[in-house]
Amino acid sequence: MNLNVFYLNEDSNASPDQLSEKLANYPQNRLTNDSWPQIPVICTADFAIAHTGQHILLKFTISNDYFRSIERPINSEVHLDNCVEFFIAFDQSDQYYNIEFNCLGIGKMAYGNQKAKRTLFQNSVVQKIRTWTKSDAQEGEFNWEMTMIIPADVFIFHQIQNFEGITAKANFYKCGDALPNPHFLCWNKVISPIPDFHRPDHFGTIQFMPAQAELNSFK
């Protein structure tokens, strides 16, 4: 798949909840079960993405989930919980970043060229990513949103001054490996016999658009 990441003209110091409201007006992209249809899925998930030049703004919206998240240390197994993930590779490289957060706002970030060989980032780097979560649980149904504000300087193996004009490879995910109904939703389809998000060969292409492309050109 291909995806244009449009510019959002917003003060980078704006609160995550303010940016979440802005992202509600941007294109919504569905995460699907197409990769492993043999695994039944109850929940649905979408994401919206934009950039400010110096930040990536990412909002996930999940419905009909089952709440199970634990207060874990940073860089621990957040994929076992209600978890959303963003993987991205720059410069046509086979090395990629994985950013993962559970619904409590506990994050994990690493870099490498395969699942088994990841370099975990220092906690101070992960904590530069600001998040905001809104949730609602009724009669066993857990609906939640997470907005991430990801600064360019967390991509420590690249010197990104501005996202405008950058083309990258990426994928977006929703999982919950330890939930009663484990699921593995993806934006770009992954072809593998078992669920595996660490497949940069199945990333889609995302294009960070220039600021002048902001004016409702996606509508």
Side-chain angles (χ1 to χ4, degrees), residues 16-17 20 31 33 35-36 39 41-43 45 47 49 55-90 94-137 142-158 170-187 190 192 194-200 202-203:
D17 59 320
S20 177
L31 303 180
N33 193 39
S35 299
W36 302 284
I39 301 175
V41 175
I42 298 174
C43 77
F47 72 91
I49 185 170
H55 296 78
I56 295 174
L57 311 176
L58 182 56
K59 178 181 180 180
F60 290 92
T61 303
I62 298 93
S63 300
N64 203 26
D65 207 3
Y66 179 95
F67 176 75
R68 182 201 181 279
S69 286
I70 296 173
E71 286 283 355
R72 304 176 181 276
I74 293 172
N75 282 329
S76 58
E77 296 178 318
V78 295
H79 66 278
L80 299 176
D81 305 329
N82 308 87
C83 183
V84 288
E85 306 186 3
F86 171 47
F87 289 22
I88 186 167
F90 298 102
D94 62 350
Q95 309 262 358
Y96 60 94
Y97 299 87
N98 59 294
I99 297 173
E100 309 172 16
F101 275 86
N102 72 10
C103 68
L104 301 180
I106 300 168
K108 177 180 182 179
M109 190 172 183
Y111 186 73
N113 65 358
Q114 56 182 284
K115 184 175 184 178
K117 295 182 179 180
R118 313 298 297 157
T119 299
L120 288 170
F121 288 10
Q122 292 184 356
N123 288 6
S124 59
V125 175
V126 182
Q127 290 172 322
K128 289 183 178 182
I129 301 174
R130 291 190 288 155
T131 65
W132 180 76
T133 303
K134 176 182 177 182
S135 63
D136 175 52
F142 180 53
N143 304 314
W144 59 289
E145 302 174 355
M146 171 165 280
T147 300
M148 304 179 189
I149 304 175
I150 307 170
D153 62 358
V154 301
F155 301 107
I156 59 176
F157 292 98
H158 292 79
N171 214 341
F172 306 79
Y173 309 106
K174 162 69 176 78
C175 65
D177 293 38
L179 301 187
N181 54 329
H183 50 268
F184 309 91
L185 306 181
C186 309
W187 168 63
V190 176
S192 68
I194 61 174
D196 183 4
F197 290 169
H198 290 264
R199 294 296 301 269
H202 292 293
F203 286 4

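In this text, all values refer to a predicted model and were calculated from it rather than measured experimentally.
In this structure, the separation between CG on N98 and CD1 on I88 is 12.0 Å, given to the nearest 0.5 Å. With values rounded to the nearest 0.5 angstrom, I74 atom CD1 is found 3.5 Å from Q127 atom CD. Remark: L120 CG to M109 CE distance equals 11.0 Å, nearest 0.5 Å. The structure places CZ of F101 at 4.5 Å from CD1 of I129, a figure rounded to the nearest 0.5 Å. Between the SG atom in C103 and the CD1 atom in I62 there is a gap of 9.0 Å [rounded to 0.5 Å]. K108 contributes atom NZ, which lies 9.0 Å from atom SG of C83 (distance to the nearest 0.5 angstrom).
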### Message
As a quick check of understanding, evaluate side chain to side chain contact (heavy atoms under 4.5 Å, CB included) for I56 and I49, giving each step before the final call.
### Response
CA-CA 7 Å; I56 295 174; I49 185 170; 3.9 Å; yes
### Candidate pair V84 and W144, rule side chain to side chain contact (heavy atoms under 4.5 Å, CB included), full reasoning
CA-CA 11 Å; V84 288; W144 59 289; 3.8 Å; yes
### Query
For Y173 and F60, what are the C-alpha separation, side-chain angles and deciding distance, and is it a side chain to side chain contact (heavy atoms under 4.5 Å, CB included)?
CA-CA 9 Å; Y173 309 106; F60 290 92; over 6 Å; no
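Ring orientation note: the planes of F197 and F184 are nearly perpendicular, at an angle over 60° on the 30°/60° scale.
If you look at Y111 and Y97, their ring centroids are closer than 6.0 Å.
A heavy-atom distance below 4.5 Å is found between the side chains of L185 and C43. Looking at F87 and E100, their side chains come closer than 4.5 Å, going by heavy atoms from C-beta outward.
Side-chain atoms of N82 come within 3.5 Å of backbone atoms of R68 as a donor-acceptor pair (strictly under, hydrogens ignored). Checking side-chain atoms of W132 against main-chain N and O of I149 turns up no donor-acceptor pair under 3.5 Å. The backbone N or O of S20 sits less than 3.5 Å from a side-chain atom of K59, completing a donor-acceptor pair.
More than 12 heavy atoms of other residues, nucleotides or ligands lie within 6.0 Å of CZ in F90, so this atom counts as buried by the packing criterion. Remark: Q122 CD is loosely packed, at most 12 non-hydrogen atoms of other residues, nucleotides or ligands lying under 6.0 Å away.
Evaluation of the side-chain hydrogen bond (donor to acceptor under 3.5 Å, both in side chains) test over residues 70-79, restricted to residues two or more places apart or in two chains, returns R72-D81.
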